[in-house]
Amino acid sequence: MQIQKPKGTYDLTTKDAYQRTYLENFIRKIFDSYNYKEIRTPTFENTKLFKRSIGEETDIVSKEMYSFNDGEFTLKPEMTAPVIRAYVENRMFNDAPHQKLYYISNMFRRERPQAGRFREFSQFGAESIGSGEEMADAEMILLADAILNEIGLKNFKIRINSIGTIEERSIFIISLREYLIGFEEDLSNDSKRRLVINPLRILDSKDPKDLEILENAPVLYEYLSEDSKKHFESLIELLNSISDKLSIDYKLVRGFDYYTSTTFEFISSAIGSQNALLGGGRYDMLAEHLGAKPTPAIGFAAGFERIEMALKAESAIIPDGSELLLYVCSAGENPRSRILQIITSLRSKGIKCETDFLGRSVKSQMKEADRMKAKYVIVLGDNEIESNSAEIKSMFDGSVIKIEGLDKIINYLKDED
RNA sequence: GCGGAUAUAGCUCAGUAGGUAGAGCGUCAGAUUGUGGCUCUGAAUGUCACGGGUUCGAGCCCCGUUAUUCGCCCCA
(Lines give C-alpha, C1' and ligand atoms only; values in the text may rest on other atoms or scores of the structure.)
Protein backbone atom coordinates (compact mmCIF):
# COMPACT_ATOMS: atom_id res chain seq x y z
CA MET A 1 0.00 0.00 0.00
CA GLN A 2 1.04 3.56 -0.69
CA ILE A 3 2.50 5.48 2.19
CA GLN A 4 0.29 8.36 3.26
CA LYS A 5 0.96 11.49 5.22
CA PRO A 6 0.33 11.26 8.95
CA LYS A 7 -3.19 12.03 10.10
CA GLY A 8 -3.86 15.72 10.52
CA THR A 9 -0.94 16.89 8.39
CA TYR A 10 -1.04 18.37 4.91
CA ASP A 11 1.15 19.06 1.90
CA LEU A 12 1.37 22.51 0.40
CA THR A 13 2.03 21.94 -3.27
CA THR A 14 3.49 24.63 -5.51
CA LYS A 15 0.76 27.26 -5.64
CA ASP A 16 -0.35 26.77 -2.04
CA ALA A 17 3.25 26.91 -0.86
CA TYR A 18 3.81 30.11 -2.82
CA GLN A 19 0.74 31.68 -1.26
CA ARG A 20 1.79 30.65 2.23
CA THR A 21 5.24 32.17 1.72
CA TYR A 22 3.65 35.28 0.29
CA LEU A 23 1.48 35.67 3.38
CA GLU A 24 4.45 35.06 5.66
CA ASN A 25 6.51 37.75 3.96
CA PHE A 26 3.58 40.12 3.99
CA ILE A 27 3.09 39.58 7.71
CA ARG A 28 6.80 40.04 8.42
CA LYS A 29 6.66 43.49 6.87
CA ILE A 30 3.81 44.52 9.11
CA PHE A 31 5.55 43.17 12.21
CA ASP A 32 8.60 45.12 11.16
CA SER A 33 6.73 48.37 10.82
CA TYR A 34 5.39 47.86 14.35
CA ASN A 35 9.00 47.28 15.40
CA TYR A 36 8.49 43.68 16.46
CA LYS A 37 11.63 41.52 16.20
CA GLU A 38 11.63 37.92 15.11
CA ILE A 39 12.50 35.16 17.53
CA ARG A 40 13.07 31.49 16.69
CA THR A 41 13.08 28.70 19.22
CA PRO A 42 13.56 24.90 19.01
CA THR A 43 10.93 22.64 17.51
CA PHE A 44 10.84 20.69 20.78
CA GLU A 45 11.23 21.75 24.36
CA ASN A 46 11.52 20.20 27.75
CA THR A 47 8.07 18.82 28.55
CA LYS A 48 8.08 20.55 31.94
CA LEU A 49 7.96 23.93 30.22
CA PHE A 50 4.48 23.25 28.89
CA LYS A 51 3.23 21.52 32.01
CA ARG A 52 4.21 24.48 34.12
CA SER A 53 2.93 27.20 31.82
CA ILE A 54 -0.12 25.93 29.97
CA GLY A 55 -1.30 23.89 32.95
CA GLU A 56 -1.38 20.20 33.80
CA GLU A 57 -5.15 19.99 33.65
CA THR A 58 -5.61 21.53 30.22
CA ASP A 59 -6.51 19.25 27.32
CA ILE A 60 -3.34 20.19 25.50
CA VAL A 61 -1.03 19.08 28.25
CA SER A 62 -3.06 16.17 29.56
CA LYS A 63 -3.66 14.38 26.28
CA GLU A 64 -2.55 16.24 23.15
CA MET A 65 1.19 16.54 23.40
CA TYR A 66 3.65 14.75 21.16
CA SER A 67 6.19 13.70 23.74
CA PHE A 68 9.21 11.45 23.26
CA ASN A 69 12.38 10.27 24.93
CA ASP A 70 10.36 8.87 27.82
CA GLY A 71 8.37 12.06 28.04
CA GLU A 72 11.39 14.30 28.53
CA PHE A 73 10.77 16.38 25.39
CA THR A 74 7.67 17.59 23.58
CA LEU A 75 7.02 19.04 20.14
CA LYS A 76 5.86 22.58 20.86
CA PRO A 77 2.05 22.88 20.98
CA GLU A 78 2.19 26.68 21.24
CA MET A 79 4.79 29.42 21.25
CA THR A 80 4.19 31.71 24.21
CA ALA A 81 5.89 29.46 26.75
CA PRO A 82 8.96 28.83 24.54
CA VAL A 83 9.30 32.53 23.78
CA ILE A 84 9.18 33.46 27.45
CA ARG A 85 11.57 30.62 28.25
CA ALA A 86 13.99 32.02 25.66
CA TYR A 87 13.45 35.54 26.95
CA VAL A 88 14.40 34.46 30.44
CA GLU A 89 17.20 32.11 29.41
CA ASN A 90 18.85 34.74 27.21
CA ARG A 91 18.39 37.44 29.82
CA MET A 92 16.68 39.58 27.24
CA PHE A 93 15.27 41.78 29.99
CA ASN A 94 18.81 43.16 30.33
CA ASP A 95 18.75 44.42 26.73
CA ALA A 96 15.72 46.61 27.22
CA PRO A 97 12.87 46.83 29.71
CA HIS A 98 10.29 46.30 26.99
CA GLN A 99 10.71 43.71 24.26
CA LYS A 100 8.43 43.19 21.29
CA LEU A 101 8.86 39.80 19.63
CA TYR A 102 7.16 37.89 16.84
CA TYR A 103 7.38 34.38 15.44
CA ILE A 104 6.18 32.32 12.51
CA SER A 105 6.32 28.61 13.14
CA ASN A 106 4.56 25.26 13.07
CA MET A 107 2.99 23.68 16.15
CA PHE A 108 1.95 20.16 17.08
CA ARG A 109 -1.07 18.93 18.94
CA ARG A 110 -2.46 15.39 18.92
CA GLU A 111 -6.08 16.37 18.41
CA ARG A 112 -8.79 14.85 16.28
CA PRO A 113 -8.47 16.64 12.92
CA GLN A 114 -11.39 18.71 11.71
CA ALA A 115 -12.06 21.64 9.42
CA GLY A 116 -9.49 24.22 10.44
CA ARG A 117 -7.81 21.92 12.93
CA PHE A 118 -4.65 19.98 12.23
CA ARG A 119 -2.08 18.02 14.17
CA GLU A 120 0.71 20.01 12.63
CA PHE A 121 -0.34 23.59 12.00
CA SER A 122 1.26 26.97 11.46
CA GLN A 123 0.93 30.07 13.51
CA PHE A 124 2.26 33.56 13.56
CA GLY A 125 2.14 35.50 16.76
CA ALA A 126 3.56 38.30 18.83
CA GLU A 127 4.56 38.81 22.43
CA SER A 128 4.97 42.23 24.01
CA ILE A 129 7.00 41.64 27.15
CA GLY A 130 7.65 44.02 30.03
CA SER A 131 4.77 46.45 29.91
CA GLY A 132 1.60 46.21 31.92
CA GLU A 133 0.24 49.42 30.44
CA GLU A 134 -3.01 49.53 28.48
CA MET A 135 -0.92 50.87 25.60
CA ALA A 136 0.67 47.44 25.21
CA ASP A 137 -2.74 45.73 25.14
CA ALA A 138 -4.01 48.25 22.64
CA GLU A 139 -1.02 47.98 20.33
CA MET A 140 -1.24 44.20 20.36
CA ILE A 141 -4.89 44.20 19.33
CA LEU A 142 -4.41 46.94 16.75
CA LEU A 143 -1.49 45.02 15.31
CA ALA A 144 -3.54 41.85 15.03
CA ASP A 145 -6.35 43.82 13.43
CA ALA A 146 -3.95 45.50 10.99
CA ILE A 147 -2.50 42.18 9.88
CA LEU A 148 -5.86 40.57 9.18
CA ASN A 149 -7.08 43.70 7.45
CA GLU A 150 -4.05 44.17 5.25
CA ILE A 151 -4.04 40.51 4.28
CA GLY A 152 -7.46 41.24 2.85
CA LEU A 153 -9.89 39.81 5.38
CA LYS A 154 -13.12 41.72 5.72
CA ASN A 155 -15.49 39.68 7.82
CA PHE A 156 -14.13 39.14 11.26
CA LYS A 157 -15.19 40.23 14.71
CA ILE A 158 -13.24 40.76 17.88
CA ARG A 159 -14.40 39.48 21.26
CA ILE A 160 -12.71 40.93 24.29
CA ASN A 161 -12.86 40.43 28.05
CA SER A 162 -10.88 40.66 31.21
CA ILE A 163 -10.51 37.65 33.46
CA GLY A 164 -8.69 39.61 36.17
CA THR A 165 -5.86 38.47 38.37
CA ILE A 166 -5.49 34.93 39.65
CA GLU A 167 -6.77 36.05 43.07
CA GLU A 168 -9.83 37.81 41.68
CA ARG A 169 -10.58 34.87 39.49
CA SER A 170 -10.25 32.27 42.21
CA ILE A 171 -12.83 34.07 44.35
CA PHE A 172 -15.14 34.17 41.36
CA ILE A 173 -14.61 30.48 40.67
CA ILE A 174 -15.71 29.63 44.20
CA SER A 175 -18.94 31.59 43.73
CA LEU A 176 -19.51 30.14 40.30
CA ARG A 177 -19.03 26.62 41.52
CA GLU A 178 -21.38 27.20 44.45
CA TYR A 179 -24.01 28.50 42.08
CA LEU A 180 -23.60 25.73 39.54
CA ILE A 181 -23.63 22.91 42.08
CA GLY A 182 -27.28 23.78 42.66
CA PHE A 183 -27.95 22.81 39.05
CA GLU A 184 -25.46 19.99 38.76
CA GLU A 185 -28.04 17.43 37.66
CA ASP A 186 -29.15 19.59 34.76
CA LEU A 187 -25.71 20.46 33.45
CA SER A 188 -24.36 18.79 30.32
CA ASN A 189 -21.94 15.93 30.87
CA ASP A 190 -19.07 18.07 29.66
CA SER A 191 -19.94 20.79 32.12
CA LYS A 192 -20.25 18.33 35.00
CA ARG A 193 -16.70 17.34 34.26
CA ARG A 194 -15.60 20.95 33.94
CA LEU A 195 -17.19 21.75 37.29
CA VAL A 196 -14.37 19.75 38.84
CA ILE A 197 -11.49 20.51 36.49
CA ASN A 198 -12.09 24.04 35.23
CA PRO A 199 -15.44 25.67 36.09
CA LEU A 200 -14.48 28.80 34.18
CA ARG A 201 -14.82 26.96 30.90
CA ILE A 202 -18.47 26.26 31.58
CA LEU A 203 -19.05 29.92 30.80
CA ASP A 204 -18.56 29.39 27.09
CA SER A 205 -20.51 26.17 26.85
CA LYS A 206 -22.69 25.87 23.78
CA ASP A 207 -25.18 23.51 25.37
CA PRO A 208 -28.64 25.18 25.44
CA LYS A 209 -29.45 23.87 28.90
CA ASP A 210 -26.12 25.12 30.24
CA LEU A 211 -26.76 28.51 28.68
CA GLU A 212 -30.11 28.71 30.45
CA ILE A 213 -28.52 27.93 33.79
CA LEU A 214 -25.76 30.46 33.14
CA GLU A 215 -28.24 33.30 32.67
CA ASN A 216 -28.40 33.95 36.39
CA ALA A 217 -24.87 32.89 37.20
CA PRO A 218 -22.37 35.23 38.85
CA VAL A 219 -20.61 37.53 36.40
CA LEU A 220 -16.81 37.42 36.36
CA TYR A 221 -16.44 41.12 35.66
CA GLU A 222 -18.18 42.01 38.91
CA TYR A 223 -15.49 40.17 40.83
CA LEU A 224 -12.68 42.24 39.34
CA SER A 225 -10.86 44.83 41.43
CA GLU A 226 -11.14 48.53 40.65
CA ASP A 227 -7.65 48.43 39.14
CA SER A 228 -8.53 45.56 36.84
CA LYS A 229 -11.74 47.22 35.74
CA LYS A 230 -9.95 50.49 35.13
CA HIS A 231 -7.32 48.76 33.00
CA PHE A 232 -10.02 47.15 30.92
CA GLU A 233 -12.09 50.29 30.52
CA SER A 234 -9.07 52.35 29.51
CA LEU A 235 -8.17 49.70 26.98
CA ILE A 236 -11.63 49.79 25.45
CA GLU A 237 -11.27 53.56 25.08
CA LEU A 238 -7.89 53.19 23.40
CA LEU A 239 -9.52 50.83 20.92
CA ASN A 240 -12.21 53.28 19.83
CA SER A 241 -10.87 53.28 16.25
CA ILE A 242 -11.98 49.66 15.85
CA SER A 243 -15.00 49.78 18.14
CA ASP A 244 -17.29 48.75 15.27
CA LYS A 245 -15.94 45.21 15.27
CA LEU A 246 -15.24 44.99 18.98
CA SER A 247 -17.66 43.26 21.27
CA ILE A 248 -17.18 42.92 25.00
CA ASP A 249 -18.00 39.40 26.09
CA TYR A 250 -17.86 38.76 29.82
CA LYS A 251 -18.04 35.04 29.17
CA LEU A 252 -14.91 34.86 27.04
CA VAL A 253 -12.36 32.72 28.86
CA ARG A 254 -9.32 31.03 27.44
CA GLY A 255 -7.93 27.57 27.86
CA PHE A 256 -4.41 28.21 29.07
CA ASP A 257 -3.70 28.62 32.77
CA TYR A 258 -1.25 31.47 32.25
CA TYR A 259 -3.77 34.04 31.08
CA THR A 260 -4.65 36.99 33.28
CA SER A 261 -6.52 40.25 32.74
CA THR A 262 -7.19 41.01 29.05
CA THR A 263 -8.27 38.17 26.76
CA PHE A 264 -9.40 38.46 23.16
CA GLU A 265 -10.34 36.43 20.11
CA PHE A 266 -10.72 37.31 16.44
CA ILE A 267 -13.43 35.16 14.90
CA SER A 268 -14.72 34.51 11.41
CA SER A 269 -18.17 33.19 10.68
CA ALA A 270 -17.11 31.76 7.33
CA ILE A 271 -14.95 28.81 8.33
CA GLY A 272 -17.09 26.38 10.31
CA SER A 273 -17.02 25.55 13.97
CA GLN A 274 -13.31 26.17 14.47
CA ASN A 275 -13.96 29.86 14.05
CA ALA A 276 -11.11 31.49 15.96
CA LEU A 277 -8.64 33.03 13.54
CA LEU A 278 -6.55 34.51 16.27
CA GLY A 279 -6.52 34.48 20.03
CA GLY A 280 -4.53 36.02 22.79
CA GLY A 281 -4.35 37.82 26.04
CA ARG A 282 -2.27 39.05 28.91
CA TYR A 283 -0.11 36.70 30.96
CA ASP A 284 1.39 38.83 33.68
CA MET A 285 2.58 35.98 35.87
CA LEU A 286 4.19 33.66 33.33
CA ALA A 287 7.72 35.11 33.11
CA GLU A 288 7.98 35.19 36.87
CA HIS A 289 6.68 31.65 37.00
CA LEU A 290 9.48 30.64 34.61
CA GLY A 291 12.21 32.26 36.64
CA ALA A 292 12.28 35.97 35.82
CA LYS A 293 11.46 38.86 38.07
CA PRO A 294 7.78 39.96 37.82
CA THR A 295 7.25 40.82 34.14
CA PRO A 296 3.86 41.70 32.68
CA ALA A 297 3.29 40.64 29.08
CA ILE A 298 0.65 40.22 26.41
CA GLY A 299 0.52 38.33 23.14
CA PHE A 300 -1.53 36.63 20.46
CA ALA A 301 -1.29 33.67 18.13
CA ALA A 302 -3.03 33.30 14.77
CA GLY A 303 -3.58 30.23 12.61
CA PHE A 304 -2.46 30.30 8.99
CA GLU A 305 -4.78 27.48 7.97
CA ARG A 306 -7.88 29.22 9.31
CA ILE A 307 -6.90 32.57 7.87
CA GLU A 308 -6.36 30.91 4.51
CA MET A 309 -9.78 29.26 4.78
CA ALA A 310 -11.36 32.62 5.55
CA LEU A 311 -9.54 34.28 2.65
CA LYS A 312 -10.80 31.56 0.35
CA ALA A 313 -14.34 31.96 1.68
CA GLU A 314 -14.11 35.67 0.93
CA SER A 315 -12.64 34.98 -2.52
CA ALA A 316 -9.61 37.12 -1.70
CA ILE A 317 -6.90 37.09 -4.34
CA ILE A 318 -3.41 36.09 -3.29
CA PRO A 319 -0.57 35.81 -5.81
CA ASP A 320 0.31 32.18 -6.55
CA GLY A 321 3.52 32.68 -8.48
CA SER A 322 2.17 31.44 -11.78
CA GLU A 323 3.06 34.49 -13.89
CA LEU A 324 6.02 34.47 -16.22
CA LEU A 325 7.58 37.42 -18.03
CA LEU A 326 9.00 35.61 -21.04
CA TYR A 327 8.70 32.19 -22.64
CA VAL A 328 11.35 31.32 -25.19
CA CYS A 329 10.11 28.86 -27.79
CA SER A 330 12.72 26.84 -29.55
CA ALA A 331 12.38 25.77 -33.17
CA GLY A 332 14.87 23.22 -34.32
CA GLU A 333 17.96 21.74 -32.71
CA ASN A 334 20.64 24.34 -33.42
CA PRO A 335 19.32 27.21 -31.32
CA ARG A 336 19.25 25.27 -28.03
CA SER A 337 22.67 26.32 -26.77
CA ARG A 338 22.02 29.94 -27.78
CA ILE A 339 18.67 29.83 -25.97
CA LEU A 340 20.35 28.55 -22.87
CA GLN A 341 22.81 31.46 -23.04
CA ILE A 342 20.03 33.97 -23.51
CA ILE A 343 17.77 32.77 -20.71
CA THR A 344 20.71 32.39 -18.32
CA SER A 345 21.68 35.97 -19.01
CA LEU A 346 18.10 37.20 -18.54
CA ARG A 347 17.73 35.22 -15.34
CA SER A 348 20.91 36.73 -13.95
CA LYS A 349 19.16 40.07 -14.31
CA GLY A 350 16.13 38.84 -12.41
CA ILE A 351 13.90 38.20 -15.40
CA LYS A 352 11.59 35.22 -14.79
CA CYS A 353 11.66 33.26 -18.02
CA GLU A 354 11.16 29.71 -19.20
CA THR A 355 11.79 27.52 -22.21
CA ASP A 356 10.85 24.06 -23.42
CA PHE A 357 12.50 20.94 -22.04
CA LEU A 358 10.66 18.31 -24.03
CA GLY A 359 11.49 19.12 -27.64
CA ARG A 360 7.90 19.91 -28.43
CA SER A 361 6.36 21.66 -31.42
CA VAL A 362 6.19 25.43 -31.43
CA LYS A 363 2.43 25.16 -31.12
CA SER A 364 2.74 23.06 -27.99
CA GLN A 365 5.27 25.47 -26.61
CA MET A 366 2.89 28.36 -27.26
CA LYS A 367 0.19 26.53 -25.37
CA GLU A 368 2.53 26.00 -22.48
CA ALA A 369 3.51 29.69 -22.54
CA ASP A 370 -0.17 30.55 -22.37
CA ARG A 371 -0.76 28.18 -19.49
CA MET A 372 2.20 29.64 -17.63
CA LYS A 373 0.69 33.10 -18.09
CA ALA A 374 3.76 34.36 -19.91
CA LYS A 375 3.48 38.04 -20.80
CA TYR A 376 5.79 37.69 -23.79
CA VAL A 377 6.89 34.94 -26.12
CA ILE A 378 9.81 34.84 -28.47
CA VAL A 379 10.42 32.08 -31.00
CA LEU A 380 14.08 31.32 -31.73
CA GLY A 381 14.99 29.12 -34.68
CA ASP A 382 17.84 28.91 -37.11
CA ASN A 383 16.70 32.07 -38.93
CA GLU A 384 16.68 34.16 -35.79
CA ILE A 385 20.04 32.92 -34.59
CA GLU A 386 21.56 33.57 -38.00
CA SER A 387 20.11 37.06 -38.42
CA ASN A 388 20.53 37.88 -34.73
CA SER A 389 16.99 39.22 -34.72
CA ALA A 390 13.55 37.99 -33.76
CA GLU A 391 9.97 38.96 -33.06
CA ILE A 392 8.72 39.29 -29.54
CA LYS A 393 5.03 38.69 -29.11
CA SER A 394 2.78 40.10 -26.42
CA MET A 395 0.49 37.36 -25.16
CA PHE A 396 -1.90 39.99 -23.91
CA ASP A 397 -2.91 41.43 -27.29
CA GLY A 398 -0.92 39.38 -29.77
CA SER A 399 1.07 42.38 -30.98
CA VAL A 400 4.58 41.78 -32.26
CA ILE A 401 7.75 43.86 -32.03
CA LYS A 402 10.86 43.29 -34.10
CA ILE A 403 14.04 42.81 -32.10
CA GLU A 404 17.46 43.63 -33.52
CA GLY A 405 20.23 41.93 -31.55
CA LEU A 406 19.27 38.96 -29.44
CA ASP A 407 21.38 40.16 -26.53
CA LYS A 408 19.08 43.16 -26.25
CA ILE A 409 15.89 41.21 -25.54
CA ILE A 410 15.76 42.68 -22.08
CA ASN A 411 15.27 46.17 -23.57
CA TYR A 412 12.01 45.02 -25.13
CA LEU A 413 10.47 43.54 -22.05
CA LYS A 414 8.08 45.88 -20.38
CA ASP A 415 7.51 44.54 -16.91
CA GLU A 416 4.33 46.11 -15.65
CA ASP A 417 4.65 44.64 -12.17
C1' G B 1 -11.60 10.57 23.73
C1' C B 2 -17.19 10.55 21.77
C1' G B 3 -20.99 10.81 17.67
C1' G B 4 -22.58 11.23 12.15
C1' A B 5 -21.08 10.86 6.92
C1' U B 6 -17.91 9.48 2.94
C1' A B 7 -13.95 6.66 0.15
C1' U B 8 -14.75 5.19 -8.36
C1' A B 9 -9.32 8.52 -13.51
C1' G B 10 -4.86 14.49 -11.65
C1' C B 11 -9.82 17.34 -10.07
C1' U B 12 -15.49 17.32 -9.54
C1' C B 13 -18.63 13.44 -9.72
C1' A B 14 -22.19 9.48 -12.51
C1' G B 15 -22.60 4.24 -12.16
C1' U B 16 -29.37 2.28 -12.95
C1' A B 17 -32.51 -4.38 -9.66
C1' G B 18 -25.18 -7.33 -7.89
C1' G B 19 -22.88 -9.39 -14.52
C1' U B 20 -15.92 -7.27 -14.11
C1' A B 21 -16.35 1.02 -15.39
C1' G B 22 -18.22 6.35 -17.58
C1' A B 23 -18.89 12.07 -18.07
C1' G B 24 -17.15 17.05 -17.52
C1' C B 25 -12.72 19.68 -16.44
C1' G B 26 -7.51 19.04 -16.78
C1' U B 27 -3.29 16.63 -19.41
C1' C B 28 -1.13 15.04 -24.23
C1' A B 29 -1.36 15.02 -29.69
C1' G B 30 -3.54 16.76 -34.21
C1' A B 31 -6.90 20.35 -37.42
C1' U B 32 -1.16 22.22 -44.46
C1' U B 33 5.25 23.80 -43.88
C1' G B 34 7.77 27.44 -36.96
C1' U B 35 3.06 30.87 -33.00
C1' G B 36 -1.34 30.55 -27.58
C1' G B 37 -6.34 31.86 -25.90
C1' C B 38 -12.32 29.93 -29.05
C1' U B 39 -13.94 25.51 -31.72
C1' C B 40 -13.38 20.50 -33.56
C1' U B 41 -10.99 15.48 -33.68
C1' G B 42 -8.32 11.84 -31.24
C1' A B 43 -5.36 9.66 -27.09
C1' A B 44 -3.47 8.31 -22.27
C1' U B 45 -4.67 7.52 -17.13
C1' G B 46 -8.37 3.54 -12.69
C1' U B 47 -5.33 -3.24 -8.46
C1' C B 48 -13.55 1.14 -8.31
C1' A B 49 -9.09 3.00 -0.35
C1' C B 50 -7.15 -1.80 1.89
C1' G B 51 -8.28 -6.89 3.82
C1' G B 52 -11.81 -10.64 4.36
C1' G B 53 -16.91 -12.74 3.59
C1' U B 54 -21.71 -13.94 0.85
C1' U B 55 -22.49 -15.24 -4.48
C1' C B 56 -21.76 -18.85 -10.52
C1' G B 57 -20.39 -13.60 -10.52
C1' A B 58 -19.54 -7.39 -6.33
C1' G B 59 -17.67 -0.67 -7.57
C1' C B 60 -22.55 -1.96 -5.95
C1' C B 61 -24.53 -6.61 -0.19
C1' C B 62 -22.00 -7.95 4.94
C1' C B 63 -17.69 -7.52 8.48
C1' G B 64 -13.02 -5.41 9.71
C1' U B 65 -8.98 -1.85 8.83
C1' U B 66 -7.15 2.76 7.15
C1' A B 67 -7.96 7.57 5.49
C1' U B 68 -10.95 11.76 4.72
C1' U B 69 -14.87 14.82 6.28
C1' C B 70 -18.71 17.26 9.63
C1' G B 71 -19.85 18.02 14.74
C1' C B 72 -18.71 17.51 20.35
C1' C B 73 -14.49 18.43 23.47
C1' C B 74 -10.54 21.88 22.98
C1' C B 75 -8.18 25.53 20.39
C1' A B 76 -5.06 28.76 15.96
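Chain naming here is simple, since letters A, B, ... match the order of the sequence lines and numbering starts at 1 in each.
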Across all strands, who's sitting opposite [N] as a Watson-Crick or G-U wobble pair, both distances under 3.5 Å?
N: B:A58; result: none
N: B:G1; result: B:C72
N: B:U12; result: B:A23
N: B:A49; result: B:U65
N: B:U35; result: none
N: B:C28; result: B:G42

Pick the [atom1] atom in [N] and in [M], then give their distance to the nearest Å.
N: B:G26; M: B:A43; atom1: C1'; answer: 14 Å
N: B:U20; M: B:G46; atom1: C1'; answer: 13 Å
N: B:G4; M: B:U65; atom1: P; answer: 14 Å
N: B:G64; M: B:U16; atom1: C1'; answer: 29 Å
N: B:C13; M: B:U32; atom1: P; answer: 38 Å
N: B:U47; M: B:U8; atom1: P; answer: 11 Å
N: B:A17; M: B:A58; atom1: C1'; answer: 14 Å
N: B:U35; M: B:C25; atom1: P; answer: 25 Å

- request: Please list all pairs passing the ring pair (Phe, Tyr, Trp, His ring centres under 6.0 Å) test where one or both residues lie in residues 131-151 of chain A, with sequence neighbours left out.
  value: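 Non-adjacent pairs meeting ring pair (Phe, Tyr, Trp, His ring centres under 6.0 Å): zero.
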Ring pair (Phe, Tyr, Trp, His ring centres under 6.0 Å): pairs with one or both residues in residues 124-157 of chain A, sequence neighbours excluded: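 Pairs touching residues 124-157 of chain A that pass the test: A:Phe124-A:Phe304, A:Phe156-A:Phe266.
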Could you list the protein-to-nucleotides 26-28 of chain B atom pairs, N/O on both sides, closer than 3.5 Å?
{"from": "B:U27", "atom 1": "OP1", "to": "A:Arg371", "atom 2": "NE", "distance (Å)": "3.1"}
{"from": "B:C28", "atom 1": "OP1", "to": "A:Arg371", "atom 2": "NH2", "distance (Å)": "2.8"}

query: Going through the distances and angles, do A:Glu354 and A:Arg347 end up as a salt bridge (Lys or Arg N to Asp or Glu O under 4.0 Å)?
result: CA-CA 9 Å; A:Glu354 187 55 287; A:Arg347 285 165 170 175; 3.4 Å; yes
- prompt: Considering only heavy atoms and no angle criterion, is a donor-acceptor pair shorter than 3.5 Å present between the side chain of A:Asp370 and the base of B:G36?
  reply: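 Such a pair exists between side chain and base.
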query: So, does the side chain of A:Glu384 form a donor-acceptor pair with the base of B:G34 at under 3.5 Å?
result: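 For A:Glu384, whose side chain was compared with the base of B:G34, there is a donor-acceptor pair (under 3.5 Å).
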Interface polar pairs with nucleotides 43-46 of chain B, N/O, under 3.5 angstrom:
none

[atom1] of [X] versus [atom2] of [N]: gap in Å, rounded?
X: A:Met366; N: B:U35; atom1: CE; atom2: C1'; answer: 4 Å
X: A:Asp356; N: B:G36; atom1: CG; atom2: P; answer: 15 Å
X: A:Tyr327; N: B:G34; atom1: OH; atom2: C1'; answer: 14 Å
X: A:Lys363; N: B:A31; atom1: NZ; atom2: P; answer: 6 Å

Should [X] and [Y] count as an ion pair when the cut-off is N to O under 4.0 Å?
X: A:Arg254; Y: A:Glu265; value: yes
X: A:Lys76; Y: A:Glu45; value: no
X: A:Asp145; Y: A:Lys245; value: yes

Do [X] and [Y] have side-chain N/O donor and acceptor atoms under 3.5 Å apart?
X: A:Ser188; Y: A:Asp210; result: yes
X: A:Thr13; Y: A:Asp11; result: no
X: A:Ser228; Y: A:Glu168; result: yes
X: A:Asn161; Y: A:Thr263; result: no
X: A:Tyr250; Y: A:Glu222; result: no

query: Near RNA chain B, which residues from residues 19-44 of chain A have a heavy atom under 4.0 Å away?
result: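 Nucleic-acid contacts, sorted: none.
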message: Under 4.0 Å, heavy atoms only, any strand: does A:Glu120 hit a base, just the sugar-phosphate, or nothing?
response: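 No contact at all - A:Glu120 keeps every heavy atom at 4.0 Å or more from the nucleic acid.
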- request: May I ask you to say what A:Phe396 touches in the nucleic acid, namely base, sugar-phosphate or nothing, with a heavy-atom cut-off under 4.0 Å?
  value: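 A:Phe396: base contact, heavy atoms under 4.0 Å.
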All pairs passing salt bridge (charged side-chain N to carboxylate O under 4.0 Å, His left out) where residues 132-144 of chain A contributes a residue, at least two apart: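 Sorted pair list: A:Lys100-A:Glu139, A:Asp137-A:Arg282.
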Residue pairs, two or more places apart or on separate chains, that pass salt bridge (charged side-chain N to carboxylate O under 4.0 Å, His left out) and touch residues 169-190 of chain A: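 Found A:Asp190-A:Arg193.
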query: Does the A:Glu384 side chain pair with the main chain of A:Gly381, one donor and one acceptor, at a distance under 3.5 Å?
result: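 Yes, because the side chain of A:Glu384 sits within donor-acceptor range (under 3.5 Å) of the backbone of A:Gly381.
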message: Among A:Glu120, A:Lys5, A:Glu305, A:Arg119, exactly one meets side chain to side chain donor-acceptor pair (under 3.5 Å) together with A:Tyr10. Which residue is that?
response: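 Of all the options given, the one that passes is A:Glu305.
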task: Not counting sequence neighbours, which residues clear salt bridge (Lys or Arg N to Asp or Glu O under 4.0 Å) with A:Arg336? List them please.
output: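 Expected list: none.
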Please set out all donor-acceptor pairs under 3.5 angstrom arising from side-chain atoms of residues 395-402 of chain A, sequence neighbours excluded.
{"from": "A:Asp397", "atom 1": "OD1", "to": "A:Ser394", "atom 2": "OG", "distance (Å)": "3.1"}
{"from": "A:Asp397", "atom 1": "OD1", "to": "A:Ser399", "atom 2": "N", "distance (Å)": "3.0"}
{"from": "A:Asp397", "atom 1": "OD1", "to": "A:Ser399", "atom 2": "OG", "distance (Å)": "2.8"}

message: Please enumerate all residues that pass side-chain hydrogen bond (donor to acceptor under 3.5 Å, both in side chains) together with A:Arg52, with sequence neighbours excluded.
response: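 So A:Arg52 forms no side-chain hydrogen bond (donor to acceptor under 3.5 Å, both in side chains) with any residue.
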Distances under 3.5 Å only, N/O to N/O: pair up the protein atoms with those of nucleotides 9-13 of chain B.
none

statement: Each nucleotide of nucleotides 68-76 of chain B classed B (base within 4.0 Å of a protein heavy atom), S (only sugar-phosphate) or -, in 5' to 3' order, makes SBSBBBBBB
